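Chain letters run A, B, ... following the sequence lines, proteins first and then strands; every chain starts at 1. On a predicted model such as this, the values are computed, not experimentally measured, just so you know.
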Number of protein chains: 2
Amino acid sequence: MTEANKDAVDAITDQWHAVRPDLDTVPMAVFGRINRIARAVSDEMERTYNRYGVSLGEFDVVATLRRSGAPYTLSPRQLSATLMLTSGGMTGRLDKLEKAGLLCRNPDPNDRRGLQVTITERGLKLIDEAVAAGLEVQRAALSGLAGEEVEALSGLLRKLMAGVG
Amino acid sequence: MTEANKDAVDAITDQWHAVRPDLDTVPMAVFGRINRIARAVSDEMERTYNRYGVSLGEFDVVATLRRSGAPYTLSPRQLSATLMLTSGGMTGRLDKLEKAGLLCRNPDPNDRRGLQVTITERGLKLIDEAVAAGLEVQRAALSGLAGEEVEALSGLLRKLMAGVG
DNA sequence: TGTAAGTAGCTTAGCGCTAAGCTACTTTTC
DNA sequence: GAAAAGTAGCTTAGCGCTAAGCTACTTACA
């Protein structure tokens with residue numbers, strides 16, 4: 001690691017090393033970079049989806065319905081479980097998306113407590129454009145890595161996630 | 001990739017592949033895992049710091065002062081710039097930390113607009129214990145990876161961050 | 001030296017989330 | 001079939017953040 005290649009996370013670990021040389025700074029460097037990458041790419045995705053009139057969180061709702069396949073119908077409960085969101089948070093997202101005409105809520109014919117959430121024609125059209133735009137942001141973020149590097153990274157992340165999930 | 005090793009992110013990419021086989025799902029798998037790892041580890045760190053009476057965000061403030069070295073003094077502006085936070089958010093964190101007796105605000109002798117934020121004795125003691133506990137959480141999260149795997153992951157993340165920062 | 005521009009930290013309104021609790025309905029148990 | 005327990009989605013209060021705008025002060029320039 002030459003002086004010139006140091007980044008913002010190196011600056012932090014260097015500072016820690018100077019005041020607490022007893023600490024192993026490798027773990028904080030790994031997760032510091034993971035956090036910064038996650039944040040930077042999410043911010044970029046947010047801006048991208050905003051151009052389609054939805055937030056990243058709202059996109060996730062429509063995307064979950066889209067990838068569930070025809071007839072693009074799930075209950076609010078299934079959605080909030082998948083998106084790791086409370087029912088209160090889900091209600092808010094569904095309210096906005098329904099008002100925007102991207103999905104609709106209908107009573108569940110088999111359980112009068114429940115609802116069925118379905119993508120509208122307009123929602124389907126929007127998600128199929130927006131998902132491609134989002135993927136392009138992610139592809140661009142990975143463009144500095146060679147194919148085999150992406151492969152290696154993917155494998156290491158899978159292994160790491162297995163240990164924290 | 002055998003059937004048994006599939007994880008939650010594989011389930012998502014498999015669904016996408018079924019309904020949109022034209023999409024390249026490799027980028028979304030990489031960032032999906034990065035997001036989930038970041039969230040899972042941050043949640044665990046939050047719980048760890050809570051045991052010391054501070055949130056993760058409040059910890060970050062005291063940690064930034066700590067690693068700046070003696071006399072552990074920075075301006076609110078320096079802190080909010082380092083932590084990528086607005087001045088309003090910083091005011092709130094400083095209010096709580098000052099009330100908790102972990103730091104104090106003093107007028108800047110050289111600039112009557114400014115303040116100097118300094119760790120208290122109590123704050124210094126707390127941060128030196130809490131930072132070790134936080135590092136242990138991160139170390140444990142990496143424990144499933146061999147030394148050379150951590151090394152490789154670290155290098156790939158550095159390269160990826162350089163392309164998104 | 002007077003004025004304009006810049007920068008300090010704080011305040012307020014608004015947003016999206018969680019946690020707790022509600023009503024309505026279904027399922028289980030006796 | 002009645003009572004108890006569980007589960008559906010929604011409402012509310014509260015939290016932490018941002019964006020915008022405030023006052024107070026410093027710096028740069030004519």
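Within the 4.5 Å cutoff, no side-chain heavy atoms of B:Met45 are placed close to those of A:Phe31. The side-chain heavy atoms of A:Lys96 and A:Val54, taken from C-beta on, include no pair separated by under 4.5 Å. Contact annotation: the side chain of B:Val117 never approaches that of B:Gln78 to less than 4.5 Å [non-hydrogen atoms, C-beta and beyond].
OP1 or OP2 of C:dA8 sits under 4.0 Å from a side-chain N or O of B:Arg77. Distances shown here put a side-chain N or O of A:Lys96 below 4.0 Å from the OP1 or OP2 atom of C:dG16. Residue B:Arg93 places none of its side-chain N or O atoms closer than 4.0 Å to OP1 or OP2 of C:dG9. Listed pair B:Arg105 / C:dC10 meets the phosphate criterion, a side-chain N or O lying under 4.0 Å from OP1 or OP2.
In this structure, the CG atom of A:Leu97 is 16 Å from the C1' atom of D:dG9, given to the nearest Å. When rounded to the nearest whole Å, the span between CE of B:Met90 and C1' of C:dT12 equals 19 Å. Computed from coordinates, the B:Leu94 CG to C:dA8 C1' distance equals 13 Å when rounded to whole Å. Rounded to whole angstrom, the span from the CG atom of B:Asp108 across to the P atom of D:dT27 amounts to 11 Å. Residue A:Glu46 contributes atom CD, which lies 14 Å from atom C1' of D:dC17 at whole-angstrom precision. Atom-to-atom, CG of A:Asn110 to P of D:dT7 comes out at 18 Å; the value is rounded to the nearest Å. Protein atom CG of B:Leu79 is 13 Å distant from nucleotide atom P of D:dC17, rounded to whole Å. The distance between atom CG of A:Asp111 and atom P of C:dT27, rounded to the nearest whole Å, is 6 Å.
With distances taken from any side-chain atom of B:Leu85 to the nucleotides D:dC17, C:dA19, C:dG9, the minimum falls on D:dC17. Taking only side-chain atoms of B:Arg113, from C-beta outward, the nucleotide of C:dC10, D:dC10, C:dG6 with the closest atom is C:dG6.
The distance from atom CD of A:Glu136 to atom CG of B:Asp24, rounded to the nearest 0.5 Å, is 10.5 Å.
In this structure, B:Arg93 and B:Gly57 approach most closely via the heavy-atom pair NH1-O, 3.0 Å.
Note on A:Ser75: only backbone sugar-phosphate atoms sit closer than 4.0 angstrom, heavy atoms only; bases stay farther off. The residue B:Gly89 sits close to a base: some heavy atom pair falls under 4.0 Å. Using a 4.0 Å heavy-atom criterion, one finds that A:Ser55 contacts no nucleic acid atom at all.
Heavy-atom nearest nucleotides on DNA chain D were determined for B:Arg112 and for A:Ser87, and the one closer to the 5' end corresponds to A:Ser87.
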